[in-house]
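Here's the structure we're looking at; comments come further down.
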Amino acid sequence: MTSAVFRHVRQIDPVAGSDRVADLIIRDGMIQPPEAWARDLPQIDAEGLIAAPGFWDVHVHFRDPGNPAAETRRSGAAAAAAGGFTHVVTMPNTVPAGDSEEWVREQIEDTQLPVKILPSACVTRGRKGGEVADLERLAAAGAVAFTDDGSMVADDRVMAEAMRRARRLNRPVMDHAVVPSLAGAGVIRACPLAEQCGLPVFPPEAEVEAVRRDIRLCAETGCATHIQHISCAASVAAIREARAKGLPVTGEASPHHLALAAEEIPADDGNFRMNPPLGNRADVRALRDGVLDGTLTLFATDHAPHTVASKSNGFLKAPFGVIGLETAVGVTWRVMVEEEGMSVVQWVAAWTTGPAALLGLPAPSLAPGRVADVVLLDTRHPWLVVPDRFRSLSRDTPFAGWELPVKAVKTVCEGMTCEV
Ligand SMILES: [Zn+2]
């Protein structure tokens, strides 16, 4: 259990709305009030560092079970802790798919990990889209949300039934909002590279139509409805309008969709292929505006590991997805705090209270009396992204060679320290 005093650390707590320099005292894994007598504890000079509640990522793929060469729970959890995360929501598009109580329990009962796994489970049996899974049993086993991520639940009647049942269970439904028939074989948004290399185009309507459908079903059912990895300006506008009407709709912005536009893809490189694809410049602008004005209340990485071999033969042959856990903090700080002037309190909220609110779980906080879930961030030493240094088993990042301004240097999860 962690016991230490972090002296003169800049503490960011979105629950209190506070940003102040003070000593952070942790004794036996619990956060102590400032007046707690602490001279017997190890004193760590943390001047210049930021302390925040440990970060939450509601969208990670650990490929466990099914593809241990790309990632395992162990390697994925190590990558998460190294990236500053204490809580991750694992996606159920594993092999087999996460539609059983056994699958959910296996995720939760792996307690030797440096982060806490909060599993989501399938909306439909086998992620096939035809029949709603046993949501009641999955929730009782510990599933925090339902999603068929990787595929949209395209049948409106199936989705509506799932949303009614999820609402009774107080769990959100999270949708990979892409209409398959509209996406077709598309791999990239319209841009000069697509034209130059003859790559099939993935039109924005494939996402926007799905987002509108999900909002309509949200209005019908009252279910907390979450749109995963938003990439289009029109999706942001639709969510803004729905939230203004009071609908329980949320959306997530991924670091890659916030940082990169299709026009900036440097080459026919499989590490820039993800689903949905990178938006155009106007979409990136709209996504950033959506985060700044509170339309999009959380960041999420969509950490999607794939082996080097599978990603090394250009856009057409690569699978969809890129990893993000070890670069997310630095990338979102650079684009949102440095470039857009987002307040550090709001930035921390998008990694902590935003995700927890989506899941209906207590807000992460540095308040005295809480079990210590804390990340320490260093903003003084920019670092270079070298994929071969990742804890993740995979290397599929579009950020190789970037210099990032922030790095997690220590993660304390449930009172236990993970040195990064
Ligand atoms: Zn997805």
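Numbering of ligands and ligand atoms starts at 1, following listing order. Values below: every heavy atom of this structure, side chains too, minus hydrogens, waters and symmetry copies.
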Lys/Arg N to Asp/Glu carboxylate O, E161 vs R164, below 4.0 Å: no

Exercise: do T124 and D148 side chains pair donor with acceptor under 3.5 Å: yes

Charged N-O contact under 4.0 Å between R127 and D99: no

The Zn ion (ligand 1): protein N, O or S atoms that are less than 2.8 Å away, sorted by chain: D149 OD1, H176 ND1, H229 NE2

R73/E106 ion pair, N-O < 4.0 Å: yes

Donor-acceptor pair between R243 and T295 side chains, under 3.5 angstrom: no

Note: E403-R334 ion pair, threshold 4.0 Å (strictly below): no

